[in-house]
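Worksheet for the structure shown next.
Remember, it's a predicted structure, so these values are computed and weren't measured experimentally. In what follows, every heavy atom counts, from backbone to side chain, and hydrogens, waters and symmetry copies are set aside. Whatever order the structure lists ligands and atoms in, that order sets their numbers, starting from 1.
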Amino acid sequence: MRMLCEMCGKDTGELSLVKIEGAELHLCSSCAKFGTTVHAPATAGGAAPGTSGGSARSPRRPPAQEKDVFAEMPPMELLSEWPQRIRKARESMGLSQDQFGTLLSEKSSVIHKLESGSIVPSDALVRKIERTLKIRIHSQPETS
Ligand SMILES: [Zn+2]
């Protein structure tokens, strides 16, 4: 009895029973790779669909992590030596700390603290400073 591949019709001595989309076909070796060999030895092949047991468990992250992000927004990343950048830019514009403070609607003591690096400006203040002095004191994250 001749054995013909049920896919390509090739006359071959060796056919393997192969499952393709639910149908079992006798296929030659070159067609067999398109399907799942039915008579495969019961090795631990994870690729077989419909095997009993393990549905993939996706690891869950604790919700606390997300909460952290929202509770404490990461501050803008300020460039190194940003206090000096502010002071130099202010001085090059001929502004006193007091005048600069007025422009920012901040007290001069705030300006003093900023320029000594003892306080970190809020995001809004960073933008105001940059706009007023026409400088950049924070690094912009790359957005593509
Ligand atoms: Zn074939």
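By the side-chain hydrogen bond (donor to acceptor under 3.5 Å, both in side chains) test, R136 pairs with Q140, sequence neighbours left out. Considering only residues two or more places apart in sequence or on other chains, R87 meets the salt bridge (Lys or Arg N to Asp or Glu O under 4.0 Å) condition with E91.
The closest side-chain donor-acceptor pair between H138 and E77, if any, does not fall under 3.5 angstrom.
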Please table the atom pairs, donor to acceptor, closer than 3.5 Å between any side-chain atom in residues 99-113 and protein atoms at least two apart or in another chain.
residue	atom	partner	partner atom	Å
Q99	OE1	S96	N	2.8
Q99	OE1	S96	OG	3.4
T102	OG1	D98	O	2.9

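Annotation: side chain of K10 is not in contact with side chain of L4 (no heavy-atom distance under 4.5 Å).
For the Zn ion (ligand 1), the count of nearby protein N/O/S atoms, taking only those under 2.8 Å, is 4.
The number of heavy atoms from other shown groups lying within 6.0 Å of NZ (K128) is above 12.
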